[in-house]
Participant: 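Sharing a structure, written as structure tokens. Questions coming.
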Amino acid sequence: MKEKIRYTDEPMEIGPIIPNFLPPPDQLVFKEDGVKVTITLSTKSVLFFKTEAAKRGVQYQRMIRRLLDAYVEAFDTKVERVEEPRRANRKSEKRRASR
């Protein structure tokens, strides 16, 4: 049988205080802003990505997304963000223009 641990009231040694080095929770979000698009790909391309994704246990759309991101990073050092207005904004702009 194991010997019981006996705790005493001896003072504990306190080490140096470590500053808070962890980032806040909002900086731990890894998901990037995305824009939903509709694109038609060749059957051959989709089949390739689905096959490779199944081998690796990942989503094929994520593989395509990462491929496009890698292409942009390799060839364009100055990626400018162009944000399209939302559909609701387009409708309200048309209403304002017709007035």
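The analysis underlying the following values was restricted to heavy atoms, covering all of them including side chains, and did not include hydrogens, waters or symmetry mates.
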Participant: Taking all heavy atoms of F49 and all of Y60, pick out the closest pair and write down the distance.
Facilitator: O-CB, 3.6 Å
Participant: Ignoring hydrogens and angles, tell me if any N or O in the side chain of S45 forms a donor-acceptor pair with the backbone of L41 under 3.5 Å.
Facilitator: no
Participant: Using the salt bridge (charged side-chain N to carboxylate O under 4.0 Å, His left out) criterion, which residues pair with K4? Sequence neighbours excluded.
Facilitator: none
Participant: Output yes when a side-chain donor or acceptor of R56 lies under 3.5 Å from a complementary backbone atom of E52, and no otherwise.
Facilitator: yes
Participant: Could you state whether V46 and I39 fall into the same hydrophobic cluster, counting links through intermediate Ile, Leu, Val, Met, Phe, Trp or Tyr residues with side-chain heavy atoms under 4.5 angstrom apart?
Facilitator: yes
Participant: Working to the nearest 0.5 angstrom, can you tell me the gap between M63 CE and Q59 CD?
Facilitator: 11.5 Å
Participant: How far does NZ of K50 sit from NZ of K55, to the nearest 0.5 angstrom?
Facilitator: 15.5 Å
Participant: Rounded to the nearest 0.5 Å, what separation is found between the CD atom of Q61 and the CD1 atom of I64?
Facilitator: 7.0 Å
